[in-house]
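Working notes for the structure below.
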Amino acid sequence: MYNHKAIEQRWQQYWKDQRTYHVDIDPQKPKFYVLDMFPYPSGAGLHVGHPLGYIASDIYSRYKRLNGFNVLHPMGYDAYGLPAEQYAIQTGQHPEKTTVNNINRYREQLDKIGFCYDWDREIRTCDPEYYRWTQWAFTRMFNSYFDTAKQKAEPIADLVKHFEEHGSQGVTAACSKELHFTADEWRAMDDKQKSDTLMNYRIAYLGNTMVNWCAKLGTVLANDEVSEGLSIRGGYPVEQKLMYQWCLRVSAYAQRLLDGLDTIDWTDSLKETQRNWIGRSEGAEMLFKVADSDVTLEIFTTRADTVFGVTFMVLAPESKYVDMVTTPEQRQAVDEYVQATKRKTERERMIDKKVSGVFTGAYAINPLNGKEIPIWVSDYVLAGYGTGAIMAVPAHDSRDYAFAKHFGLPIIPLIEGADVSEESYDAKEGKVINSKSDLLDLNGMEVKDAIAAAKRRIEELGIGKVKVNFRLRDAIFSRQRYWGEPFPVYYKDGIPMMMDDSELPLLLPEVDKFLPTETGEPPLGRAANWKTKEGYPIELCTMPGFAGSSAYYLRYMDPRNSKALVSKEADEYWRNVDLYIGGTEHATGHLIYSRFWNKFLFDLGVVCEEEPFKKLINQGMIQGRSNFVYRIKDTNTFVSYGLKDQYDVTPIHVDVNIVSNDVLDLDKFRAWRPEFADAEFILEDGKYVCGYAVEKMSKSMFNVVNPDDIVERYGADTLRLYEMFLGPLEQSKPWDTNGIDGVHRFINKLWGLYYKGDDLRVTDDVPTKENLKSLHKLIKKVTADIENFSYNTSVAAFMVCVNELTQQKCSSREVLSQLLILLAPFAPHVAEELWHAIGNDTTICDAQWPICNEDYLKEDTVNYAVSFNGKARYNIQLPADAGKEEAEKAALENPGAAKWLEGKTIKKVIVVPGKIVNIVVG
RNA sequence: GCCCGAAUGGUGGAAUGGUAGACACGAGGGACUUAAAAUCCCUUGGCUAUUGCGGCUGUGCGGGUUCGAGUCCCGCUUCGGGCACCA
């Protein structure tokens, strides 16, 4: 009998003893790197949805290995993070302790499923030997700037040299703001001034930036950690605040991050998400002089063609221009408006879509027709994008339109036939009108041409320049928290300095409490002697969660190297990840930061591939399937699903583990909670049927299914097969334990092919033609399916094949052993067991993947569907090598044809060899 | 608002432009059994017919291309995902 417990335990031990999954560099073999997104070990442990991607990657890894590849398939833990720290604050338990406990629990759960990870390569981001390299990379970013001409990172020392010789003249560097100084001025600066100047260029820099401040978490957050004004972790409100923080100049890499997308094999939707996030837009920066003033407004627009329709200008409330242009008469009104805006959180500003604004009293001069246009302040203009000032064209921008209507500002249509009496015309098509002056004439042009013509002319006139803007912001890299990598930074007379490589790793210090200090400093402010040997204070912030996950795939290549993040040899052999599997939730976070980090290391010459993840698959989420019971109001009586409409009922979530096929186990229900102990039921057909709904898998819905329970009951192989059988890998789907019996039955049937009772029934009989056909059909199908990640159809193919071989009473060792090799990636334990049972004494993991011999698939006869006008009416059998003419003749001569042709004329006959004969009749 | 993706039985889902519904669950019927479980066999999109074994219809809706469309094109509807006062 098939006994999953004994089998799975035996072979898991065997693989461990034999170090079956240990992998080393082997220049004789082609490499293949399969990676899962490493998990954050949460206190709740794994539920049945987590292993979905791991099973998929495990299958692919095993498949590649059977095909002769040297497969790197590692696993580790993203161990720094907020939940462990929040827990520490509540309980006083050190986050390291909870984290280690959680990791051990995860490991136990993972081990039961039989993955082929090389655990010798395990990494944890909170391990000093790991985070030393996170800190190391940070110091390299600090010591680099981004050369915009070369589009790559260069040593900051080169920039310093340039400053010494030429000042800022001719510098091509990504910077926070354009600076102008001469070589003499540079040399005259003191250390502090030089440091401040260089901060403007460093890739890792300290900057005064608007950050997302989450008061409840006591820390700043990156843009991808905030959604709709709330923190992703915890859902606490987030406000904008100007703070002096460490940042990474990710924006400098925007173009390369965009271009790189064309070179990698990711889904279109994910690439699109990244393109949206990077948000490239081509336009022009234009200068508008302010009347009776020496101020010039610089604005960004993608619609240079609409410059004749500008009827007002708008400044963001935070814009530096606000103070510069506001007239004394308007000063008070403007100040009040700016203050009112500041008091609102980002979320309030987003929710409150009421049009608001205030006139500054100043006027700008349209550089193309000399008209004076009023300058307003409004919070619909964002300070962080472009220059924080816009030219408003109400006729062709819906936001400007709403503003103009509200304040009664003029609207000038610029496109022929556009009706702007009710709403703006935002489309970029049509013929341009009302756009002529002495300097420029766009009338009659198509919008697309007009944009180009306007841009050209603006540059010629020196009133602006063509500019590409990106939405992608620099990453805020400081967190005012404890449980993260400490910055290898100390402050000498207020000047930030990097620690020497020899001082790394800088260990996370112990603190008495995981809370901010009384003076409001981050928790590291509590650490005793948080100073360098020389007595300089060390940075108090720690790095964010994405720091440790940005280059972890590199560390797996060479995890115990104490000299380098990764050796040249290991990097050149393993190169980059061939297949990366994980969820879409990292699309704008981890997957951007990793690509950025890798590109930076590429510029440094540390890694040889510019893109870290060649192919990426997003496994879908497994949702929960909740069950409900229906309590009749104000009673303790529960009515079955089919009868509930006859009563006034309240649906109540019920633990899915006491429900089977939607039928409630009444005794278990009574025992579940004390208030149900004396529950009464109204049954249908003697059963209590529960309702169901698809919801997120969570404790509060009582729909969490634990993989351990499934493994205990059905075995890991059943769990693996069933998770794959559930549906297409990339699709989200609810977990429904109901179907699992079918897969379990399949394994039992498979077992029955090899054993009758305790006796092996495998023989050395020569396989029959039928046996070989069934087998090779499967080889072909499974090989193609694995390559396409179509695992659900693979599992179905196994079921068909085993049924066929059972019917054929196949006992051929040759056929049955090849069947096991095909099955090994999916159900490794049972495959290994039977593999040894039929006489092999080495692991099935080192077997050779079979190749399909098409000769076995050839049929003697082929079934043709004969159709009339495309509708199939009858079938005919023909020899496999029958030609088109034969098929046509046979179809028309068949007695069935006469019936259908009665009273009709044949117009045409179409023959698709081996498939169909379509007779077109009139 | 913009950009992606999806829609097929009671359910999860199969179908290189060529006989829609593979495979599985569930349901119904039967065999074995004292009984239950397990196992095995049959039926299972709908309507209709059924001692003439077939007929009609059918892949969200409306058009189109094609000898032939679940699949390709155009226009909708609904649902899911991403981005969003990004000028």
Side-chain angles (χ1 to χ4, degrees), chain A residues 227-228 267-281 283 299-304 306 314 316 349-350 352-353 355 378-382 384-393 396-400 402-403 423 426 469-473 584-585 587-588 618 620-621 625 661-662 692 721-722 725-728 730-746 748-749 752 781 784 790 792-800 803 863-875 906-921:
Chain A
S227 176
E228 299 188 349
T267 60
D268 289 340
S269 74
L270 193 72
K271 286 188 190 180
E272 203 53 36
T273 301
Q274 290 218 338
R275 287 196 190 100
N276 281 342
W277 190 258
I278 295 166
R280 184 182 203 270
S281 72
I299 61 97
F300 176 76
T301 180
T302 55
R303 292 294 299 274
T306 59
V314 189
R349 261 168 87 165
M350 262 165 34
D352 183 15
K353 295 217 168 164
V355 177
S378 174
D379 65 2
Y380 84 86
V381 173
L382 301 179
Y385 184 75
T387 59
I390 62 153
M391 63 180 211
V393 186
H396 302 293
D397 182 287
S398 53
R399 297 154 299 181
D400 298 345
F403 194 82
E423 57 180 1
D426 292 16
N469 245 334
F470 292 95
R471 206 184 64 89
L472 184 69
R473 300 272 77 94
T584 23
E585 66 272 19
T588 54
N618 291 119
M621 264 220 308
R625 188 180 187 279
N661 283 340
D662 291 338
Y692 74 91
L721 282 166
Y722 186 56
F725 186 65
L726 219 46
E730 302 192 60
Q731 195 171 299
S732 285
K733 56 234 157 187
W735 175 266
D736 183 357
T737 308
N738 289 343
I740 202 165
D741 291 323
V743 171
H744 195 64
R745 264 174 223 142
F746 157 74
N748 279 319
K749 281 182 201 165
K781 177 77 177 147
S790 177
N792 56 331
T793 53
S794 267
V795 178
F798 277 111
M799 292 176 174
V800 172
N803 277 342
N863 184 34
Y864 277 80
V866 180
S867 65
F868 295 86
N869 293 348
K871 285 272 176 201
R873 301 296 181 183
Y874 63 91
N875 294 317
I906 300 174
K907 284 189 172 166
K908 206 160 127 191
V909 179
I910 287 141
V911 180
V912 180
K915 282 188 179 159
I916 203 156
V917 181
N918 189 19
I919 300 162
V920 185
V921 294

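The analysis underlying the following values was restricted to heavy atoms, covering all of them including side chains, and did not include hydrogens, waters or symmetry mates. We name chains A, B, ... by the order of the sequence lines, and we start the count at 1 in each one.
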Distances under 3.5 Å between protein N/O atoms and the N/O atoms of nucleotides 10-12 of chain B, please, pair by pair.
{"residue": "B:G12", "atom": "O2'", "partner": "A:Leu726", "partner atom": "O", "Å": "2.6"}

Look for any protein N or O under 3.5 Å of an N or O in nucleotides 67-75 of chain B and output each such pair with its distance, or none.
{"residue": "B:C67", "atom": "O2'", "partner": "A:Asn918", "partner atom": "ND2", "Å": "3.4"}
{"residue": "B:C67", "atom": "O2", "partner": "A:Asn918", "partner atom": "ND2", "Å": "2.3"}

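Counting to the nearest Å, the P atom of B:C4 and the CD atom of A:Gln274 are 17 Å from each other. The distance between atom CG of A:Asn803 and atom P of B:A22, rounded to the nearest whole Å, is 14 Å. Taking atom CD of A:Glu272 as the reference point, atom P of B:C83 lies 12 Å away to the nearest angstrom. The separation between A:Asn276 atom CG and B:A84 atom C1' is 9 Å, rounded to whole Å. Distance A:Asn792 CG to B:C25 C1': 15 Å, rounded to the nearest Å. In this structure, the CG atom of A:Asn618 is 12 Å from the P atom of B:G82, given to the nearest Å. The nearest whole Å value for the distance from the OH atom in A:Tyr874 to the C1' atom in B:G55 is 18 Å. To the nearest angstrom, P of B:G81 lies 23 Å from NZ of A:Lys271.
Distances shorter than 4.0 Å separate none of the side-chain N or O atoms of A:Arg745 from OP1 or OP2 on B:A24. Contact check, A:Asn748 against B:U39: no side-chain N or O comes under 4.0 Å of OP1 or OP2. An OP1 or OP2 oxygen of B:A87 is reached within less than 4.0 angstrom by no side-chain nitrogen or oxygen of A:Tyr380.
Judged by closest nucleotide on RNA chain B, A:Ala797 is the one of A:Gly279 and A:Ala797 placed further toward the 5' end. With RNA chain B read from its 5' end, the first of the two nearest nucleotides for A:Met799 and A:Thr793 is the one closest to A:Thr793.
Spacing of C1' atoms, B:A14 relative to B:C79, comes out at 22 Å, to the nearest Å. Taking atom P in both B:G9 and B:A22, the straight-line distance is 13 Å, to the nearest Å. Rounded to whole Å, the separation between the P atoms of B:A24 and B:U39 comes to 13 Å. Spacing of C1' atoms, B:U71 relative to B:G60, comes out at 16 Å, to the nearest Å. Here, B:G70 and B:G58 have their P atoms 10 Å apart, quoted to the whole Å. Separating the P atom of B:G55 from that of B:C67 is a span of 26 Å, rounded to the nearest Å. B:G21 and B:G12 are spaced 13 Å apart, taking the C1' atom of each and rounding to whole Å. Taking the P atoms as reference points, B:A7 lies 14 Å from B:U59, given to the whole Å.
Residue A:Thr273 has its side chain nearest to B:G82 when only B:A87, B:G82, B:C3 are considered. Residue A:Pro728 places its side chain closer to B:G13 than to any other of B:G13, B:C83, B:C3. Distances were taken from every side-chain heavy atom of A:Asn738 (C-beta onward) to each of B:C23, B:C40, B:C25; the shortest belongs to B:C25.
Within 4.0 Å of A:Lys749, counting heavy atoms only, lie sugar-phosphate atoms of the nucleic acid but no base atom. Counting non-hydrogen atoms under 4.0 angstrom, A:Val912 reaches a base of the nucleic acid. Note on A:Arg275: nothing from the nucleic acid sits closer than 4.0 angstrom, heavy atoms only. Note on A:Asp741: nothing from the nucleic acid sits closer than 4.0 angstrom, heavy atoms only. As judged by a 4.0 angstrom heavy-atom cut-off over every strand, A:Ser281 is placed among residues touching the sugar-phosphate backbone only. Here A:Ala796 lies in heavy-atom contact (under 4.0 Å) with a base.
At distances below 3.5 Å, at least one donor-acceptor pair connects side-chain atoms of A:Asp426 with backbone N or O atoms of A:Ser398. A donor-acceptor pair is defined here as one N or O able to donate and one able to accept, closer than 3.5 Å; such a pair exists between the side chain of A:Asp400 and the backbone of A:Val393. Judged by distance alone, the side chain of A:Arg471 and the main-chain N or O of A:Trp277 form a donor-acceptor pair under 3.5 Å. At distances below 3.5 Å, not a single donor-acceptor pair connects side-chain atoms of A:Asn469 with backbone N or O atoms of A:Ser281.
Here the side chains of A:Asn869 and A:Lys871 are not in contact, with every heavy-atom distance at 4.5 Å or above.
Minimum heavy-atom separation, A:Val743 to A:Tyr722: CG2-CD1, 3.7 Å. Listed here is the closest heavy atom pair of A:Ala865 and A:Asn875: CA-OD1, 3.5 Å.
In B:G9 the base sits syn relative to the sugar, since the glycosidic angle is no further than 90° from 0.
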Problem set entry | Watson-Crick or G-U pairs under 3.5 Å in RNA chain B, rendered as dot-bracket with [ ] for crossing pairs and | for another strand | (((((((..(((.....[....)))((((((.......))))))((((.....))))..(((((..]....))))))))))))....

